[in-house]
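We count ligands from 1, going down the list as the structure has it; atoms in each ligand are counted the same way.
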Amino acid sequence: MLEDLVRQNRSYRRFEQQVPVGLDTLRSLVDLARLSASGANLQPLKYILVTDRDACAEISPQLGWAAYLKDWPGPAEGERPAAYILILGDREIRKEFGVDPGIAAQSIMLGAAELGLGGCMIASINRQALRASLSIPEHLEILLCLALGKPQETVVIEPVGRDGDIRYYRDADGVHHVPKRSLDKLIWKSI
Ligand SMILES: Cc1cc2nc3c(=O)[nH]c(=O)nc-3n(C[C@H](O)[C@H](O)[C@H](O)COP(=O)(O)O)c2cc1C
């Protein structure tokens, strides 16, 4: 069921790094993005698929992980993503990319969840460094980085408490908790 997949599709930031994710898998995930909606059907997104160990090692330090977890600098060696999909916007096709990258990212992440994989959409990127290390030309804007792998952490959804705090947190057992606002708080009105 779609609801099961959406519930399973949490942001995971720790992985079984030694479990590979193949290029064929990444291609099949990008194919889901290819089939998704695009403003004016301009399809301005481009993708870089990364499974190579050395390339993965170059990407990881250029990402900002879990800003609310102040004492956690990001995944350590052994728990890093096994693959990445970079979502780029081709400025030769369009100057603004609207919600296209979000739609593409969600299609990819749902597809990954269906395969038993998981990951995290990351917008906090040292773009200059990443552009240099992957030789990304200037006309391709770096929009999002999707970290992917076999998750090695438990993530649970919680209701937002009375204090209204939406910050995710990790408990003493390493379980990651994500507060979600209630449906009634989201629906402004029903007419
Ligand atoms: C557009 C976007 C950008 C994000 N950027 C980052 C990021 O830079 N670093 C990170 O660790 N998580 C990032 N996330 C993941 C969010 O923190 C995560 O979606 C949120 O905590 C809710 O958790 P959930 O995805 O499990 O529902 C991003 C998510 C979205 C949708």
Flag, side chain of S36 to backbone of L32, donor-acceptor distance under 3.5 Å
yes
Are the side chain of R80 and the backbone of P75 linked by a donor-acceptor contact shorter than 3.5 Å?
yes
Closest approach of C145 and Y84, non-hydrogen atoms and distance?
SG-CD2, 3.6 Å
Would you please determine whether H176 falls within less than 4.0 Å of ligand 1 on a heavy-atom basis?
no
Protein heavy-atom partner closest to atom 25 (O) of ligand 1 - residue, atom, separation in Å
S11 OG, 2.6 Å
Only heavy atoms count here, so choose which of P101, A147, G102, A66 is nearest to atom 10 (C) of ligand 1.
A66
Of all the non-hydrogen atoms in the protein, which one sits nearest to atom 1 (C) of ligand 1, and at what distance?
L144 CD2, 4.4 Å
Could you check atom 8 (O) of ligand 1 against the protein and tell me its nearest heavy-atom contact, residue, atom and distance included?
S124 N, 2.9 Å
Any luck finding a side-chain donor-acceptor pair between H176 and E153 under 3.5 Å?
no
Around atom 14 (N) of ligand 1, find the nearest protein heavy atom and jot down its residue, atom name and distance.
M121 O, 3.0 Å
Please say which of R131, R94, R91 ends up in a salt bridge (charged side-chain N to carboxylate O under 4.0 Å, His left out) with E141.
R91
Considering only heavy atoms, does I122 approach ligand 1 within less than 4.0 Å through its side chain, its backbone, both, or neither?
both
Which ligand 1 atoms are under 4.0 Å away from a heavy-atom of Y168?
17 (O), 21 (O)
My understanding is that only residues two or more places apart in sequence, or in another chain, count here; which of them pass side-chain contact (heavy atoms from CB on, under 4.5 Å) with L110?
L5, V6, N9, Q106
Any N or O of W65 closer than 3.5 Å to N or O of ligand 1:
no
Please state which protein non-hydrogen atom is closest to atom 9 (N) of ligand 1 and give its distance, to 0.1 Å?
G64 O, 2.8 Å
Considering only the protein, which heavy-atom contact is closest to atom 23 (O) of ligand 1, and what is its distance?
V178 CG1, 3.6 Å
Starting from atom 16 (C) of ligand 1, what is the nearest protein heavy atom, named by residue and atom, and what distance separates them?
R13 NH2, 3.7 Å
Evaluate the 4.0 Å heavy atom contact test for atom 20 (C) of ligand 1: does a protein atom fall under the cut-off?
no
Mind checking side-chain contact (heavy atoms from CB on, under 4.5 Å) for V19 and listing every partner two or more places apart, or none if nothing turns up?
E16, K150
Sub-3.5 Å donor-acceptor pair from the side chain of Q43 to the main-chain atoms of N41, do we have one?
yes
Using only atom types and a distance under 3.5 Å, with no angle test, would you say the side chain of Q17 pairs donor to acceptor with the backbone of G78?
yes
Residue part near ligand 1, for A67, under 4.0 Å between non-hydrogen atoms:
neither
Among non-hydrogen protein atoms, atom 3 (C) of ligand 1 lies closest to A123 CB, 3.7 Å
Using a strict 4.0 Å cut-off to heavy atoms of R10, name the atoms of ligand 1 that fall inside it.
24 (P), 26 (O), 27 (O)
In terms of the angle between their ring planes, are W72 and W65 parallel, tilted or perpendicular, with boundaries placed at 30° and 60°?
perpendicular
